[in-house]
Amino acid sequence: MTVDSPPIAKLRAELAAQVAPPLEVSTRSSQYYFSEDSAAFSEIDVRDGEAFAIVVIEGALPSEEFVVRVWHRYADEVWLVDLADEAVIVVPRTGVIRVYEIGEIVRSPRLPELQISVASVFGAVN
C-alpha cells in the first residue's frame, strides 16, 4: 500500500467533500490495466460508475505528456499535481490546459461545481 503525499491527501479530501453521487472519489491510488498493451496509474480518480471523469497524478508537463495521452483514452480530464512548483495543472481531453498556482482556485471543465484552493492543497497560507 502506498501512502499519499500531503498534497494528494489534501486534494483527495477536498474532492471527496465536494463530489456528490453518482460520482465517487477513490480512497487510494491504483494501477489500472486496460488491455495487454495499455495501463496507467492514478493517485486519485473520480468515477461516474465505470467511467473516469477525472484522474489525478503527480507530475508536470511536458514530462508526463505520455501518461496524460494514455489517460485521455479513458478519462475526460487529467490533473497533474506539480509538487516542485506547487501547482495543479488541469488537462481536459479537449480544450485549454490551465495551470493553477498558489492564490488561485482550481476549476474543472468536467465538474464546474468544483472549487479547490491550491493554497489548501499545498498547505500554504493564502
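Nothing fancy with the numbering, it's 1 onward along the sequence.
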Is the backbone N or O of I102 less than 3.5 Å from a side-chain atom of E86, with the two atoms forming a donor-acceptor pair by type?
no
Do V67 and V99 land in one hydrophobic cluster if side-chain heavy atoms of ILVMFWY residues count as linked below 4.5 Å?
yes
Give a yes or no on whether V46 and I57 share a hydrophobic cluster (residues Ile, Leu, Val, Met, Phe, Trp, Tyr; joining criterion: side-chain heavy atoms under 4.5 Å apart).
no
Using the rule that two of Ile, Leu, Val, Met, Phe, Trp, Tyr join whenever any of their side-chain heavy atoms come within less than 4.5 Å, decide whether L15 and V55 are in one cluster.
no
Checking side chain to side chain contact (heavy atoms under 4.5 Å, CB included) for the pair H72/V91: CA distance, chi angles, key distance, verdict?
CA-CA 9 Å; H72 275 159; V91 186; 3.5 Å; yes
Measure the spacing between CG of L61 and CD1 of I97 and express it to the nearest 0.5 Å.
5.5 Å
For S5 versus E58, what's the shortest heavy-atom pair and its separation?
OG-OE2, 2.7 Å
Okay, side chain of S35, backbone of D37: is any donor-acceptor separation there less than 3.5 Å?
yes
Has the side chain of E101 got a donor or acceptor atom that lies under 3.5 Å from a matching backbone atom of V118?
no
Please report the interatomic distance CD(E65) to CG(L80), rounded to the nearest 0.5 Å.
10.5 Å
Looking only at atom types and distance, does a side-chain atom of S63 sit under 3.5 Å from a main-chain N or O of A60, one as donor and one as acceptor?
yes
Name the orientation class of the two ring planes belonging to F34 and Y74 (parallel below 30°, tilted from 30 to 60°, perpendicular beyond 60°).
parallel
Using every non-hydrogen atom in the two residues, find where R93 and A75 come nearest and quote the distance to one decimal.
NH2-O, 2.9 Å
Once rounded to the nearest 0.5 Å, what's the spacing between atom CG of L114 and atom CD1 of I105?
11.5 Å
Find the distance between OH (Y100) and CH2 (W79) and round it off to the nearest 0.5 Å.
8.5 Å
Which atom pair, heavy atoms only, marks the closest approach of V19 to L23?
CG1-CB, 3.2 Å
Non-hydrogen side-chain atoms of V88 and F122 separated by less than 4.5 Å
yes
Does the R107 side chain pair with the main chain of P112, one donor and one acceptor, at a distance under 3.5 Å?
no
Roughly how far apart are R47 CZ and I54 CD1, rounded to 0.5 Å?
13.5 Å
Salt-bridge test for E14 and K10: reply yes if a basic N is under 4.0 Å from a carboxylate O, no otherwise.
no
Would a single hydrophobic cluster contain both I116 and L83, if residues Ile, Leu, Val, Met, Phe, Trp and Tyr are joined by side-chain heavy-atom contacts under 4.5 Å?
yes
Return the minimal non-hydrogen interatomic distance between R98 and E104, and the atom names on each side.
NH2-OE2, 2.9 Å
Please report the closest heavy-atom contact between S26 and E43, naming both atoms and the distance.
OG-O, 4.3 Å
Atom OG1 of T27 and atom CZ of R12: how far apart are they, to the nearest 0.5 Å?
6.5 Å
Answer yes if V25 and V90 sit in the same cluster of Ile, Leu, Val, Met, Phe, Trp and Tyr residues linked by side chain heavy atoms under 4.5 Å apart, and no otherwise.
yes
What is the minimum heavy-atom distance between V70 and A39, and which atoms define it?
CG1-O, 3.8 Å
